[in-house]
Each structure stands twice: as C-alpha cells, then as structure tokens.
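Read through the structure below, which is laid out as structure tokens, and then see the notes.
Naming convention: chains lettered A, B, ... in sequence-line order (proteins, then strands); numbering from 1 in each chain. Source: prediction; values computed, not measured.
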Amino acid sequence: MSPSMDNRGMHSTIAVIDFETTGMTPAQGARATEVAIVLVQNGQVVDRFQSLLRTGVWIPPFITQLTGITNAMVAEAPAAEGVMRDAARFVGDAPMVAHNAAFDAKFWTHELTHADVPAPHAFACTVLLSRRLYPEATSHKLGNIVQHLGLPRAARAHRALADAEMAASLLTRMQQDLRTHWRVENPGHALLSTLQRCAKPKVGKLLADYATPQLVA
DNA sequence: TGCCAGGCCCTCTTTAGGGCCTT
C-alpha cells in the first residue's frame with residue numbers, strides 16, 4: 001500500500017503546490033522559476049518542499065516586481081530538471097491541489113515533461129471549491145479569500161512556499177467546513193474533485209446525499 | 001503594466017459575452 005494511503009486504501013495525504021513562473025502559460029514559452037509543495041495530512045502540514053529553478057528563460061521586470069524573484073537568483077539555482085525529479089519523488093502518488101489548478105497543473109506537466117518524468121497526478125482546485133463553498137465572498141483570489149475566512153496571511157505573498165502554505169490553510173478550512181456545516185465525515189481529495197466539477201445548484205444535493213465511500217478515495 | 005491564455009462560471013444566456021483567477 002502506498003504511504004499516502006490509509007488503511008482503507010484512501011489517500012490520506014494531499015500535496016498542495018504553487019509555482020512562480022516567467023509568464024502565464026508554457027504555450028508562450030513561460031517556465032517555472034520557483035516551486036513549493038506542502039504535504040497535508042488530517043489538516044496538518046507534515047512536510048514541505050521548496051526550490052528555485054534554473055531554466056535559462058528570462059524573467060520580465062514586472063514578474064520580479066510581483067514575486068521578488070530575480071534573474072540573478074535563478075541563475076544560481078539548481079537546474080529545473082533535477083528540481084522537478086525531486087519534486088515528483090516528494091509528491092509520490094498523492095493527489096494534488098492548487099489555487100487555480102489549471103495554471104499549476106499545466107506547469108507541473110510541462111516541467112516534468114522537460115525532466116522526462118511522467119505526471120499522472122489528479123488535481124483539485126481551491127478556486128473552484130471556494131466559489132462553491134463561499135459564494136458570499138466578493139473575491140476568491142488567494143490572499144482575499146484567506147482574509148475573508150480569517151485565516152493567517154503569509155508575510156510574503158507571491159512566493160511559492162508562502163502561497164502553498166496559504167492554499168493548504170484554505171484547503172484545511174474547507175475540509176473543516178465540510179465536516180461541520182455539511183457533516184461530511186471524511187472530505188478527501190476525490191470528494192473535493194467531484195465538488196469542483198459539480199454544478200452549483202447540485203452541490204447541496206451532492207453533499208446531502210453524501211454516503212459513498214469511494215468519493216473520498 | 002497591461003495584455004495575452006485557457007478553463008470555469010454567471011447571466012440582461014444557451015446561435016454569447018464577459019469577468020474571474022493564476023504569473
């Protein structure tokens with residue numbers, strides 16, 4: 001049995017990831033500049049991975065202004081391929097979560113492909129879940145929804161580890177709210193993935209009818 | 001800095017358009 005599985009064969013570990021990059025999409029030549037991953041078990045962060053990556057791709061000034069990551073910093077960083085191989089080993093077969101997962105999943109796949117490593121991981125998205133669970137929030141940007149829920153804000157947003165920690169905190173809060181408000185006993189990754197794809201009017205019914213163990217696998 | 005990309009979601013919708021979210 002995988003170390004990330006509990007005794008029912010369900011994933012007890014979720015890997016929360018955040019990338020800093022040189023742009024919006026690998027399709028336009030953007031590459032990762034920093035990656036951070038935190039492992040969450042039972043609402044607790046149990047391990048952390050963080051590294052800058054050297055890809056040789058130039059970082060535009062506005063990205064440096066946003067993230068604080070400079071071309072000089074990544075020039076001294078380890079090669080991206082080695083970092084990503086280490087990141088893949090760190091994640092193992094744990095399912096993954098990111099804030100706006102479509103963005104991070106693209107870079108996860110792209111960077112692992114560069115490193116010649118398969119990327120079969122399933123992603124769930126805290127933006128989509130946040131819109132489902134907290135429709136009263138006026139903004140679902142990571143910093144804003146964290147503040148809205150009264151969760152601790154990172155001292156340095158737009159760095160990978162700080163953002164991954166905030167996303168992990170948001171994930172844990174959503175799991176707690178599913179337990180307390182919806183009485184879901186074990187709100188695991190598969191249920192979160194189902195919720196994020198569920199049409200909003202059906203969310204309540206899904207949770208009210210929730211009794212299917214495989215949903216939390 | 002503001003645009004781009006792309007998927008999701010809402011609505012004054014569905015033969016569409018525009019906002020959100022990520023760097």
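Here H99(A) does not reach the OP1 or OP2 of dC21(B): none of its side-chain N or O atoms lies under 4.0 Å away.
Heavy-atom nearest nucleotides on DNA chain B were determined for L195(A) and for T21(A), and the one closer to the 5' end corresponds to L195(A). Judged by closest nucleotide on DNA chain B, Q65(A) is the one of A27(A) and Q65(A) placed further toward the 5' end.
In this entry the distance linking CG of L129(A) with P of dG7(B) reads 19 Å, nearest Å. With rounding to whole Å, R132(A) atom CZ is found 8 Å from dC9(B) atom C1'. Distance R131(A) CZ to dC20(B) P: 9 Å, rounded to the nearest Å. Rounding to whole angstrom units, CD of residue E111(A) and P of dT22(B) are separated by 20 Å. Look at CD on Q196(A): it is 11 Å from C1' on dG7(B), rounded to the nearest Å. Rounding to whole angstrom units, CG of residue L66(A) and C1' of dT22(B) are separated by 10 Å. Straight-line distance from the NE2 atom of H140(A) to the P atom of dC20(B): 11 Å, rounded to whole Å. To the nearest angstrom, C1' of dC21(B) lies 12 Å from CG of D18(A).
Across all strands shown, Q28(A) has heavy atoms under 4.0 Å from base atoms, whether or not it also approaches the sugar-phosphate. Within the nucleic acid shown, L128(A) comes within 4.0 Å of sugar-phosphate atoms alone, with no base atom in reach, counting heavy atoms only. S139(A) comes within 4.0 angstrom of sugar-phosphate atoms only, judged by non-hydrogen atoms across all strands, and of no base. Residue contacts for D104(A): at a heavy-atom cut-off of 4.0 Å it reaches no nucleic acid atom on any strand shown. Residue D163(A) is classed as a sugar-phosphate contact, given heavy-atom separations below 4.0 Å to backbone atoms only. Counting any heavy atom pair closer than 4.0 Å across all strands shown, T22(A) reaches no nucleic acid atom. F19(A) comes within 4.0 angstrom of sugar-phosphate atoms only, judged by non-hydrogen atoms across all strands, and of no base.
Nucleotides dT23(B) and dG17(B) are separated by 29 Å at their P atoms, to the nearest Å. Comparing dC12(B) with dG6(B), their P atoms sit 28 Å apart, to the nearest whole Å. Remark: the separation of the P atoms in dG18(B) and dT13(B) is 13 Å, to the nearest Å. Spacing between dC3(B) and dC9(B) at atom C1', rounded to whole Å, works out to 22 Å. The C1' atoms of dC10(B) and dG2(B) are separated by 25 Å, rounded to the nearest whole Å. If you take atom P in dT11(B) and the same atom in dC4(B), they sit 25 Å apart, rounded to whole Å. The separation of dT15(B) from dT22(B), taken at their C1' atoms, amounts to 31 Å, rounded to a whole angstrom.
Between F123(A) and T109(A) there is no side-chain heavy-atom pair separated by less than 4.5 Å. Counting only heavy atoms from C-beta outward, the side chains of V91(A) and I37(A) approach each other to under 4.5 Å. P60(A) places a side-chain heavy atom less than 4.5 Å from the side chain of T22(A). Two residues are said to be in side-chain contact when any heavy atoms from C-beta on lie closer than 4.5 Å; H158(A) and I69(A) fail this criterion.
Looking at H189(A), its side chain does come within 3.5 Å of a backbone N or O of M96(A) through a donor-acceptor pair.
Results of the side chain to side chain donor-acceptor pair (under 3.5 Å) test with D177(A) over R179(A), Q175(A), R173(A) single out R173(A) as the only residue that passes.
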